[in-house]
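Below is one structure; the comments refer to it alone.
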Number of protein chains: 2
Amino acid sequence: MAIRPVEQTIHKAAWLYYTHGMRQDEVAKHLNISRASVAMYLRKARETGIVTISTSSQLFTDGVLARELEDALGLDGVWIVPEDRSALDPAAEMPTVAATAFTEKISRGDRVGVAWGRTVYHIADVMPYVDLQDVTVVQLCGNLGAPYNYRPDQCTTEIARRLNAEGINLYAPLVLSSEELAAALMDEPVIREQLASISSCSLALYSVGGIEDDSHLVKCGALSAAEMQALGRAGAVGVMAGRLIDADGQLMDCSYNRRVISADLGSIRAIPKRMMVVEQAAKFLPLVAAIRGGLVSHLVVTTSMARRLLDHWNTGA
Amino acid sequence: MAIRPVEQTIHKAAWLYYTHGMRQDEVAKHLNISRASVAMYLRKARETGIVTISTSSQLFTDGVLARELEDALGLDGVWIVPEDRSALDPAAEMPTVAATAFTEKISRGDRVGVAWGRTVYHIADVMPYVDLQDVTVVQLCGNLGAPYNYRPDQCTTEIARRLNAEGINLYAPLVLSSEELAAALMDEPVIREQLASISSCSLALYSVGGIEDDSHLVKCGALSAAEMQALGRAGAVGVMAGRLIDADGQLMDCSYNRRVISADLGSIRAIPKRMMVVEQAAKFLPLVAAIRGGLVSHLVVTTSMARRLLDHWNTGA
DNA sequence: CACGGCAGCTGACAAAAGTCAACGACAGAG
DNA sequence: CTCTGTCGTTGACTTTTGTCAGCTGCCGTG
């Protein structure tokens with residue numbers, strides 16, 4: 001591997017400093033370089049995952065509310081991000097919590113699926129640099145056009161980079177203009193194989209989309225506002241990995257869904273750990289649908305969302 | 001869980017400092033405590049595994065020699081600790097490398113087996129504090145009497161403590177004075193179950209013992225020097241988890257071995273990752289035997305030992 | 001062979017973190 | 001009610017770390 005002498009020195013510096021607990025000047029003396037270089041190498045070591053510093057996300061799974069939500073909704077893990085305290089901006093906090101929680105759940109050799117959206121991109125952005133070995137990051141849904149700087153392939157690529165993993169992108173548009181073309185493309189071996197491989201993921205990360213006029217699908221032109229409204233009247237309540245789902249979290253039977261290139265919901269349900277991250281309060285109904293539909297096993301939400309979900313389950317269902 | 005307000009504060013401080021990258025004085029302001037307290041909390045967080053700082057052990061698996069040894073002996077992982085460079089005391093280095101490598105191999109939910117010896121105790125002593133969840137550490141062999149401060153149960157307990165894991169000790173002597181008593185004890189449900197559970201470990205850590213007059217078994221009186229010499233003439237070359245093995249790494253057929261309470265070699269071979277750590281050059285022959293006998297999948301040795309092994313395999317076998 | 005550009009290293013200074021003696025709150029004993 | 005010991009906290013000081021402008025030496029180019 002790294003016959004690079006510099007890499008070697010970075011490793012040595014990191015080893016002496018972090019594992020042996022030497023001071024930087026001692027490390028410098030050992031390696032016959034200046035202390036300033038040691039400081040620089042150590043920064044590089046942290047940035048490249050040679051050294052990993054991780055904080056337990058227990059803080060957010062600790063409360064009574066989290067436990068109640070797990071029990072009530074039958075989830076395997078719940079992280080609750082407080083909004084009340086003057087502490088920190090919750091908008092900035094949630095992606096960090098999600099990134100930490102997600103990273104904790106990954107083991108070496110895992111294949112992880114990543115969907116797309118503002119939320120997922122924010123998570124990618126604060127994902128810690130770690131050096132997991134043999135991890136593969138696969139893209140769960142096709143790509144969207146230009147207007148966004150958080151396209152599906154970028155989420156995948158960035159997360160793969162941070163985890164020192166292989167990133168596998170899905171080179172296809174998310175939505176095509178005809179069902180025939182979509183079907184034909186889905187039949188292409190490259191695409192077919194990649195989509196088939198999704199059910200062998202051990203972990204997936206996604207958010208859920210709404211069907212309002214400002215939803216991604218409308219904003220990027222995949223559907224017009226009018227079409228979306230019509231679909232809403234027909235029962236659509238949210239978007240999962242680019243596909244419309246109804247109130248029970250089942251795939252809508254509509255032309256749009258047949259024009260989408262993306263993981264099918266069955267494959268997603270087959271993934272053992274399905275981590276859903278929801279930032280906005282407005283996504284309540286889509287979230288409820290996704291949970292009903294078995295698309296969520298691990299959940300990251302705000303305190304208020306957690307309360308709403310709990311109320312809903314205790315009264316409604 | 002931790003309703004302890006102090007623990008909570010430690011978590012928060014660690015989160016803000018390590019995950020958000022705040023300075024200590026900023027953290028202090030946020031939590032309304034002094035910066036000195038923050039510094040103290042952070043130390044505690046590191047010591048208890050709330051934050052984990054780990055350095056990749058790649059440095060030691062990188063060389064050509066390590067790769068050659070893997071190929072030649074059919075091992076799954078080799079770490080080589082250099083002695084030559086004026087760098088560091090290799091005696092102090094090897095346990096650190098082993099501890100790091102071992103920790104990297106553990107995943108949550110794993111059951112790990114730990115044997116005993118000076119080497120294993122040194123490893124326990126520098127094992128990093130990490131907060132793996134649902135890990136169980138089981139003792140692979142019975143206990144020895146007083147003269148040692150690195151008894152099997154202490155190795156197990158210490159490693160369990162560092163990993164925040166459950167430690168399961170084997171409450172039985174390593175060697176009994178009659179075969180009958182040993183057989184009866186092995187038949188006790190508690191003992192039998194624990195020994196049976198060993199083959200479900202996913203990971204084991206041990207060293208190999210020699211049969212010289214200064215070996216543990218002789219020094220603690222389990223065997224007299226004369227008996228050991230006789231067994232050596234009969235073909236014994238080393239000690240694995242308290243049992244004598246021959247040059248092929250097979251269990252010796254002798255009374256002593258029938259008086260030992262310990263994991264049997266079959267169970268050990270069934271463990272997917274068997275990490276062997278050898279510090280002393282004198283353990284060459286026992287090590288060769290253990291490798292031959294399929295008792296090693298991951299190996300931590302010095303450069304010179306690695307060379308000797310490679311020579312031996314290229315010429316001899 | 002001289003020259004510009006570039007990458008990487010260093011020295012010196014500024015910022016941040018570690019340490020510790022002393023202080024204060026609190027509990028239990030007299 | 002006061003005294004005393006303990007524990008956790010703090011401000012002030014020291015040590016360690018981060019940073020950055022400038023230096024050095026190397027390589028490709030004219």
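Every chain is numbered from 1, with letters handed out A, B, ... down the list of sequences. Below, all heavy atoms of this structure are taken into account, side chains as well, without hydrogens, waters or symmetry copies.
Rounded to whole Å, atom P of dA17(C) lies 15 Å from atom CG of Leu42(A). Here the P atom of nucleotide dG8(C) and the CG atom of Asn32(A) are 19 Å apart, to the nearest Å. The nearest whole Å value for the distance from the CE atom in Met40(A) to the P atom in dC20(D) is 14 Å. Summarising the geometry, the separation between CZ on Arg43(A) and C1' on dG8(C) is reported as 13 Å, rounded to the nearest angstrom. The distance from atom CG of Asp25(A) to atom C1' of dG11(C) is 15 Å, rounded to the nearest whole Å.
Looking at Val135(B) and Glu166(B), their side chains never come closer than 4.5 Å, going by heavy atoms from C-beta outward.
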query: What do the steps show when you test Arg46(B) against Tyr41(B) for side-chain hydrogen bond (donor to acceptor under 3.5 Å, both in side chains), and what is the final call?
result: CA-CA 9 Å; Arg46(B) 288 187 300 262; Tyr41(B) 287 161; over 6 Å; no
query: Please walk me through it: do Trp15(B) and Phe60(A) pass ring-ring contact (aromatic ring centres under 6.0 Å, His included)?
result: CA-CA 10 Å; Trp15(B) 182 261; Phe60(A) 301 94; 4.8 Å; yes
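Across all strands, Ile33(A) comes closer than 4.0 Å only to sugar-phosphate atoms, never to a base (heavy-atom distances).
Listed nucleotides dT19(D), dT16(D), dA17(C) differ in distance to Arg23(B); the shortest reach to its side chain belongs to dA17(C). Closest to the side chain of Tyr17(A), out of dT19(C), dT17(D), dT19(D), is dT17(D).
A salt bridge links Arg161(B) with Glu158(B): the distance from a Lys NZ or Arg NE/NH1/NH2 to an Asp or Glu carboxylate oxygen falls below 4.0 Å.
Considering only side-chain N and O atoms, Arg35(B) lies nowhere under 4.0 angstrom from the phosphate OP1 or OP2 of dG18(C). Applying the 4.0 Å criterion to OP1 and OP2 of dG11(D), one finds that Ser34(B) has every side-chain N and O outside that range. For Gln24(B), no side-chain nitrogen or oxygen approaches OP1 or OP2 of dA15(C) to under 4.0 Å. Using a 4.0 Å cut-off, some side-chain N or O of Tyr41(B) falls inside it from OP1 or OP2 of dT9(D).
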